[in-house]
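Working notes for the structure below.
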Amino acid sequence: MAAAAAALRTPARLGLDGAAAGEQWLRKRQRQRGPPAPVAVPCRWKAAAAAVVRCQRAAGAAIVEKKDASVAAAQERGGDGGAGPGLTVVMKFGGSSVASAERMREVADLVLSFPEERPVVVLSAMGKTTNKLLVAGEKAVSCGAANVSELDELSFIKELHLGTIDQLGLDRSIVCGLLDELEQLLKGIAMMKELTLRTRDYLVSFGECMSTRIFAALLNKIGVKARQYDAFEIGFITTDDFTNADILEATYPAVAKRLHGDWINDPAIPIVTGFLGKGWRSGAITTLGRGGSDLTATTIGKALGLREIQVWKDVDGVLTCDPNIHPKAKPVPYLTFDEAAELAYFGAQVLHPQSMRPAREGDIPVRVKNSYNRRAPGTLITKARDMSESILTSIVLKSNITMLDIVSTRMLGQYGFLAKVFSIFEDLGISVDCVATSEVSISLTLDPSKLWSCELVQQKNVWNSIYSFLILCQ
Ligand SMILES: Nc1ncnc2c1ncn2[C@@H]1O[C@H](COP(=O)(O)OP(=O)(O)O)[C@@H](O)[C@H]1O
Ligand SMILES: N[C@@H](CC(=O)OP(=O)(O)O)C(=O)O
């Protein structure tokens, strides 16, 4: 892998210094683009705006609504993902892909190596920035406001971002305001001696806000017009479940309207923050759960009805198992949305568990590729695939499972027993992963992220309801 990456970094291939690659790309783009077309169906957007209002009045309904207004609108627009003037693909780059100045250059080169595409770029925070921000927040709770400036993690984040900007020859002012704001926030946490989930989301948002600003500035410097967007400012509307928010249906028309409208009026590659949204009730910054930039990418793909969603990682696609467990894991060439969703849900860290949903709903292929080894074919995820040869697709390991065994002879020949058990979990809002039953027992595994994020395990009444049910069963 190191050899492949080194080969791709030759100056001839990069060609970024003289802005030649950028200018070449721009010229080709202008030849292909032709005259800008108006937004084809303005009445659709009025319908979408009405949907936003409905969502604000009844969030619950908005969460469960499955209607695909944005997909229909995008398709009716004449297929922005086709040969028309619109954007064609999403290219999402994870933290490992943009971990340094050298990696940012490499990714810029990679984006420009597809001159036939009109991409939307989604970025995660640089390298391990999100983890560092979280540790800084934890430390700030007890370190005292006077000591915040000395936190190792804050110094690391400052050095990483300012160092990257210097190496790329950009202006430090791109992130100076954000770094000051970050330090102020950490001082606020230190003064309050508390780090709420809401503050945690605000805190980690600095990672994506900085990486996207740096990358957009890099593209502009090399002569490729790019425009940075904070997802929470362009219509990514979510539930107010801080650290694990769900995207609301109103997001699709809002995001499509903004990105498509800007592109038509003044074409520039959109560079969008992954992972972030805006709580519909609180108006505060939310996050989509760890690894949530994948979901940002598929949401944009569906919103704009794009041709393809590309998710660029540091591995050759979805592998037959976690390479940290078995280094000889092999890439899986094809997967269905359902298989990928299941793998992600049951622990394959490579994709965000919810990320397949928008892609499946919009029927947009997802390609998982390696930004360190771009020639590797990667994994193509689509609605259906040839299953005739497949025996075992991939193996995942999910640790920290909470398992509950309910054993009672009162189940024998009875009806409604399972219904009673599951109604308790429904009341408590606990998601059940796996179920096995026999005539006298039920074994359940519970989704740990929901358990811990809701802090349900600490609520006595939860366990009281389960215990009293178990006693009833005896
Ligand atoms: N089945 C799997 N296939 C591929 N990668 C996996 C799998 N299970 C776990 N991983 C891990 O997921 C990592 C890629 O996901 P992630 O770190 O979220 O990437 P990024 O930050 O680039 O989006 C890989 O480096 C690998 O260690
Ligand atoms: N930066 C966030 C969001 C994300 O998607 O990251 P990555 O693409 O590097 O997994 C995280 O670390 O969770």
Side-chain angles (χ1 to χ4, degrees), residues 1 90-100 103-104 106-107 110 121-135 157 160 200-201 203-212 215 231 236 243-245 247 272-277 285-300 309-333 335 339-355 366-374 376 378-379 381 392-399 449:
M1 189 185 282
V90 185
M91 300 173 91
K92 179 257 162 171
F93 296 92
S96 55
S97 297
V98 290
S100 63
R103 291 299 311 159
M104 288 251 183
E106 183 83 25
V107 167
L110 199 159
V121 175
V122 173
L123 294 189
S124 301
M126 291 180 72
K128 299 283 174 213
T129 300
T130 307
N131 290 350
K132 295 278 182 197
L133 285 165
L134 286 170
V135 176
I157 289 165
L160 174 67
R200 202 180 281 252
D201 277 356
L203 178 64
V204 293
S205 72
F206 285 88
E208 273 71 11
C209 288
M210 290 194 284
S211 65
T212 47
F215 190 70
F236 270 84
T243 72
N244 210 3
I247 286 181
V272 185
T273 56
F275 184 46
L276 309 176
I285 294 174
T286 54
T287 62
L288 309 175
R290 294 306 304 268
S293 303
D294 295 341
L295 178 56
T296 307
T298 55
T299 301
I300 291 174
I309 298 158
Q310 297 175 358
V311 183
W312 292 83
K313 305 264 169 190
D314 60 351
V315 279
D316 284 350
V318 178
L319 307 178
T320 44
C321 76
D322 184 341
N324 301 305
I325 297 174
H326 186 63
K328 290 194 176 154
K330 291 190 185 118
V332 180
L335 282 175
E339 286 175 312
E342 193 134 3
L343 286 174
Y345 186 77
F346 284 104
Q349 190 210 323
V350 66
L351 290 169
H352 182 277
Q354 301 295 330
S355 60
V366 177
R367 216 177 269 280
V368 183
K369 296 268 292 173
N370 190 349
S371 71
Y372 288 78
N373 180 20
R374 55 179 106 170
T379 300
I381 309 171
L392 191 65
T393 308
S394 183
I395 300 172
V396 289
L397 174 73
K398 189 167 180 175
S399 38
S449 69

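In this chain, numbering begins with 1 at the start of the sequence shown. Indexing begins at 1, ligand by ligand and atom by atom, following the structure's order.
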Test side chain to side chain contact (heavy atoms under 4.5 Å, CB included) on Lys92 and Val272; report intermediate values, then the result.
CA-CA 9 Å; Lys92 179 257 162 171; Val272 185; over 6 Å; no
Step by step, work out the side chain to side chain contact (heavy atoms under 4.5 Å, CB included) result for Phe236 and Thr273.
CA-CA 10 Å; Phe236 270 84; Thr273 56; over 6 Å; no
Give the C-alpha distance, both sets of side-chain angles, the deciding distance and a yes or no for side chain to side chain contact (heavy atoms under 4.5 Å, CB included) between Leu343 and Leu335.
CA-CA 10 Å; Leu343 286 174; Leu335 282 175; 4.1 Å; yes
Determine, stepwise, if the pair Val122 / Val90 fulfils side chain to side chain contact (heavy atoms under 4.5 Å, CB included).
CA-CA 7 Å; Val122 173; Val90 185; 3.8 Å; yes
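For ligand 1, the 4.0 Å heavy-atom shell contains residues Lys92, Gly94, Gly95, Ser96, Lys313, Asp314, Val315, Gly317, Val318, Leu319, Cys321, Asp322, Pro323, Asn324, Gln349, Val350. Residues with a heavy atom under 4.0 Å from ligand 2: Lys92, Gly94, Gly95, Ser124, Ala125, Thr130, Glu208, Phe275, Arg290, Gly291, Gly292, Ser293.
Under the rule for a salt bridge (Lys or Arg N to Asp or Glu O under 4.0 Å), the partners of Lys313 that lie at least two apart in sequence or sit in another chain are Asp294. Residues satisfying the salt bridge (Lys or Arg N to Asp or Glu O under 4.0 Å) criterion with Glu342, sequence neighbours excluded, are absent altogether.
A side-chain donor from one of Asp201 and Thr287 sits under 3.5 Å from a side-chain acceptor of the other.
A donor-acceptor pair under 3.5 Å is formed between the side chain of Arg103 and the backbone N or O of Ser97.
Residues Thr320 and Thr393 come closest through the heavy atom pair CG2-O, 3.9 Å.
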